[in-house]
Amino acid sequence: MSDSIIFDAFKRWWGSRGNAAAESGLKELQRYAQVYVSIVQAPYDTRAGVLRRRLAVLEVTSMTPLLLHLVAEVGLKGSALDAILHDLESFLVRRFMLGLGGQNYNLLFLRLLKAVRHLTEPAEIHTQMLETLLRGKGDSVRWP
């Protein structure tokens with residue numbers, strides 16, 4: 001993704017805030033930055049760290065917005081977050097082992113984000129993510 005696409009998305013987000021103070025926008029960016037750092041620096045002996053390592057090896061970055069939403073917006077942590085991370089890892093590793101590729105991961109993770117964006121309960125989010133992943137048909141999105 002090019003810098004210009006990211007900057008255009010930022011401008012749309014910033015403009016959508018209306019007359020909100022710059023300070024509140026910067027605080028929100030800082031909150032997301034802290035969550036991002038916690039994800040990319042998660043210790044390897046944690047579920048998030050295991051997933052982080054797998055994402056790096058598989059060169060998958062398109063899951064980041066979904067992870068940011070789950071942690072920053074919903075506030076998932078502990079066993080509720082670990083269960084979801086475990087399923088996402090299972091999905092990725094199984095697909096890798098069968099050589100199914102990741103050419104549509106960007107669309108898949110966007111679909112997952114849209115499916116859970118309106119939910120706030122960890123169990124509902126987990127169920128909706130599982131159902132969405134299990135509905136995938138075809139080699140580009142199925143969960144083996």
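Numbering of residues begins at 1 and proceeds along the displayed sequence.
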Hydrophobic clustering (ILVMFWY, side-chain heavy atoms < 4.5 Å, transitive) - are [Y] and [X] grouped together?
X: Leu29; Y: Leu68; result: no
X: Phe96; Y: Leu112; result: yes
X: Val60; Y: Leu100; result: no
X: Met97; Y: Met63; result: yes
X: Trp13; Y: Leu110; result: no

Check your understanding: At what distance, to the nearest 0.5 angstrom, does CG of Leu130 lie from CH2 of Trp143?
Key ->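 Rounded to the nearest 0.5 Å, the CG-CH2 separation comes to 5.0 Å.
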Practice item. Quick one: pull up CD1 in Ile39 and CG in Leu51 and give me the separation to the nearest 0.5 Å. Key: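 It is 9.0 Å, given to the nearest 0.5 Å.
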Taking [X] for its side chain and [Y] for its backbone only, find out whether a donor-acceptor pair lies under 3.5 Å.
X: Arg95; Y: Gly101; answer: yes
X: Ser90; Y: His86; answer: no
X: Arg54; Y: Val93; answer: no

Review point. Taking the six-membered ring of Trp14, is NZ or CZ of Arg12 closer than 6.0 Å to its centre and within 45° of its axis?
Key: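 Judged by the rule, Arg12 and Trp14 form no cation-pi pair.
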Check your understanding: Between Arg117 and Glu73, does a salt bridge (Lys or Arg N to Asp or Glu O under 4.0 Å) hold up when you go through it step by step?
Key -> CA-CA 9 Å; Arg117 182 170 246 157; Glu73 291 301 314; over 6 Å; no
Practice item. Give the minimum heavy-atom separation between Ser140 and Gln103, together with the two atoms involved. Key: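 Closest pair (atom of Ser140, atom of Gln103, distance): CB-NE2, 3.8 Å.
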Check your understanding: Closest heavy-atom contact between Ser24 and Arg17?
Key ->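 For Ser24 versus Arg17, the nearest heavy atoms are OG-NH2, 2.7 Å.
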Practice item. Would you please test Leu70 and Ile84 for side chain to side chain contact (heavy atoms under 4.5 Å, CB included) and show each step? Key: CA-CA 9 Å; Leu70 295 174; Ile84 291 171; 3.9 Å; yes
Is there a side-chain contact between [X] and [Y] (heavy atoms, below 4.5 Å)?
X: Leu67; Y: Leu85; answer: yes
X: Pro144; Y: Arg142; answer: yes
X: Thr61; Y: Leu55; answer: no
X: Leu66; Y: Leu88; answer: yes

Check your understanding: Under the side chain to side chain contact (heavy atoms under 4.5 Å, CB included) criterion, do Phe91 and Leu108 qualify, and how do the steps go?
Key -> CA-CA 12 Å; Phe91 175 83; Leu108 174 66; 3.3 Å; yes
Exercise for review: Give me the other members of the hydrophobic cluster that Val50 sits in, counting Ile, Leu, Val, Met, Phe, Trp and Tyr linked by side-chain heavy atoms under 4.5 Å, directly or via other members.
Suggested key: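 Hydrophobic cluster check, Val50: no partners found.
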Practice item. Among residues two or more places apart or on two chains, list those pairs meeting ring-ring contact (aromatic ring centres under 6.0 Å, His included) that have a residue in residues 101-140. Key: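 Sorted result for residues 101-140: Tyr105-Phe109.
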Review point. Among pairs that include at least one residue of residues 31-69, which meet ring-ring contact (aromatic ring centres under 6.0 Å, His included), considering only residues two or more places apart or in two chains?
Key: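 Applying ring-ring contact (aromatic ring centres under 6.0 Å, His included) to every pair that reaches into residues 31-69, excluding sequence neighbours, yields nothing.
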Check your understanding: So Asn106 and Ser62, side-chain hydrogen bond (donor to acceptor under 3.5 Å, both in side chains) or not? Walk me through it.
Key -> CA-CA 5 Å; Asn106 58 339; Ser62 53; over 6 Å; no
Review point. Under 3.5 Å, is there a donor-acceptor pair linking the side chains of Thr46 and Arg52?
Key: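 Arg52 and Thr46 do not have a side-chain donor-acceptor pair below 3.5 Å.
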Point to revise | Test item: side-chain donor near acceptor, Thr132 and Gln128, under 3.5 Å | key: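 Yes, side-chain donor-acceptor contact under 3.5 Å.
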Exercise for review: Report, as yes or no, whether the 6.0 Å neighbourhood of atom CD on Glu131 holds more than 12 heavy atoms from other residues, nucleotides or ligands.
Suggested key: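 Count over threshold, so yes.
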